[in-house]
Amino acid sequence: MPGFLRAVLLTIGVMIAGLAPRAALAITTDDLYQSRTIVTGQGEVNRRIGFKDCLDRVLVRVSGDQRLLEKPEMAALRDKAGDFVDSFRYHDRLEGIPIHDEQGTHDRPHDLTCLYKPATVNKLLAQLGSKPWLGERPTLAVFLTVEQGARHFALSAEEERGKTMRESFANATDPLLMHVVFPKAVQLAELGEKGLRTDDMARLDLLAKQAGGAQALAGSIVWSDKNLGWIADWRLADHGKTYRWRVRGVSFDEAFRVAIGGAAQVLSGNGQP
């Protein structure tokens, strides 16, 4: 085969591979056993607060189990949260912006990243009756209807009105190392808004694969003046069972965090959200 043709075919092959759906993404130990929160400055008092938040986050990140944070044993663990940190680092969120007026470095917001040894976190999880959720985490295709008064739409990959919502959903996945994709408008048009709300999860799971996901996360969010926020309903199928959960009176950012948290709890084998 001529060298030029071989190069062309290789390039096409790489492009096709890059466009192929990724049903799940592998995660590394370094990615899994760390967590991040925002603190004010680098002082010890705020650092201790950050260590507590990072402990909560890493336990849920590694296990997928949202219920751990409600366990009474967590109070004692939070009191010594810094003992479990292997190393930590700061990043100034205003890096490159000069200090102004009376502001000092202690007032500037920082990302505090805490890194943990797997053995330390795994031991804590065992004490809490849980275990690590290891391996690949599936990419979820989100099938979502949005209703705010007379405004109705299905959240597609191209829907301009849903751009902020797509960004918010992506942000919600990061703490749990999850990933989401969104179906194209033409795919949603075949279902219709009623189909999105009522179709069984087996059909949506098939459509999820066409959208580049491993399975479907279906839901609806409806604005409620009475609740001063969104009412969000979610459903996801796992091992032949459909799980449903709801949250009321929240921002759509929180609604999407609840969606991803619930999905992680189900897929990690920790049951009903």
Side-chain angles (χ1 to χ4, degrees), residues 21-27 31-32 35 56-70 125 130-146 154-157 162 165-183 187-188 191 196-222 230-248 250-273:
R22 300 184 68 181
L25 297 174
I27 55 177
D31 289 335
L32 187 59
S35 57
D56 285 0
R57 290 171 180 268
V58 77
L59 291 175
V60 173
R61 182 182 181 92
V62 174
S63 69
D65 190 353
Q66 317 296 305
R67 298 169 300 181
L68 293 181
L69 305 186
E70 305 303 321
L125 290 176
S130 188
K131 61 183 180 180
W133 175 28
L134 303 176
E136 296 179 337
R137 300 193 174 186
T139 296
L140 299 174
V142 177
F143 293 86
L144 176 66
T145 59
V146 180
L155 185 60
S156 69
M165 288 187 173
R166 288 193 299 273
E167 292 172 351
S168 176
F169 234 125
N171 290 336
T173 65
D174 183 63
L176 287 160
L177 292 175
M178 303 282 283
H179 303 274
V180 291
V181 293
F182 301 92
Q187 188 177 18
L188 294 176
L191 286 170
L196 282 171
R197 292 176 180 272
T198 61
D199 270 21
D200 63 58
M201 292 304 298
R203 183 185 181 195
L204 292 180
D205 281 342
L206 289 174
L207 294 174
K209 292 177 172 59
Q210 297 176 20
Q215 62 189 103
L217 170 62
S220 65
I221 59 172
V222 180
W230 297 92
I231 299 173
D233 290 277
W234 304 104
R235 67 189 196 275
L236 179 142
D238 187 53
H239 291 92
K241 179 179 179 179
T242 296
Y243 294 83
R244 301 173 186 270
W245 61 103
R246 165 180 277 198
V247 64
R248 290 176 174 270
V250 297
S251 66
F252 65 71
D253 294 309
E254 179 61 17
F256 300 157
R257 283 190 287 267
V258 169
I260 295 299
Q265 185 159 317
V266 171
L267 296 172
S268 60
N270 285 298
Q272 178 65 40

[X] versus [Y], closest heavy-atom pair with distance:
{"X": "V181", "Y": "G212", "answer": "CG2-C, 4.0 Å"}
{"X": "W245", "Y": "V258", "answer": "NE1-O, 3.2 Å"}
{"X": "L176", "Y": "G261", "answer": "CD1-CA, 3.9 Å"}
{"X": "A211", "Y": "P183", "answer": "CB-CA, 3.9 Å"}

To the closest 0.5 Å, what do you measure between [atom1] ([X]) and [atom2] ([Y])?
{"X": "F143", "Y": "Q187", "atom1": "CZ", "atom2": "CD", "result": "5.0 Å"}
{"X": "R244", "Y": "D233", "atom1": "CZ", "atom2": "CG", "result": "9.0 Å"}
{"X": "L140", "Y": "Q215", "atom1": "CG", "atom2": "CD", "result": "6.0 Å"}
{"X": "T242", "Y": "L236", "atom1": "OG1", "atom2": "CG", "result": "8.0 Å"}
{"X": "I260", "Y": "L217", "atom1": "CD1", "atom2": "CG", "result": "6.0 Å"}
{"X": "L155", "Y": "L188", "atom1": "CG", "atom2": "CG", "result": "8.0 Å"}

Tell me if a side-chain donor or acceptor on [X] pairs with a main-chain N or O of [Y] at a distance below 3.5 Å.
{"X": "Q66", "Y": "P273", "result": "no"}
{"X": "R61", "Y": "D31", "result": "yes"}
{"X": "T173", "Y": "M178", "result": "yes"}
{"X": "D205", "Y": "A216", "result": "yes"}
{"X": "Q272", "Y": "Q265", "result": "no"}
{"X": "R166", "Y": "S156", "result": "yes"}
{"X": "W234", "Y": "A263", "result": "no"}
{"X": "N270", "Y": "S63", "result": "yes"}

Legend entry - Ion pair check, E70 and R67, cut-off under 4.0 Å: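 No, this pair does not count.
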Inset, instruction - Go through the steps to decide whether R257 and V247 satisfy the test side-chain contact (heavy atoms from CB on, under 4.5 Å), and finish with yes or no. - result: CA-CA 10 Å; R257 283 190 287 267; V247 64; over 6 Å; no
Legend entry - I231 vs R248, side-chain contact (heavy atoms from CB on, under 4.5 Å): CA-CA, chis, key distance, verdict: CA-CA 4 Å; I231 299 173; R248 290 176 174 270; 3.5 Å; yes
With side chains defined as the heavy atoms from C-beta onward, is the minimum distance between [X] and [Y] less than 4.5 Å?
{"X": "W133", "Y": "L32", "answer": "no"}
{"X": "F169", "Y": "L144", "answer": "yes"}
{"X": "N171", "Y": "D253", "answer": "no"}

Inset, instruction - Step by step, work out the side-chain contact (heavy atoms from CB on, under 4.5 Å) result for R203 and L206. - result: CA-CA 5 Å; R203 183 185 181 195; L206 289 174; 5.6 Å; no
Inset, instruction - Could you walk me through whether L191 and L204 pass the side-chain contact (heavy atoms from CB on, under 4.5 Å) test, one step at a time? - result: CA-CA 10 Å; L191 286 170; L204 292 180; 3.9 Å; yes
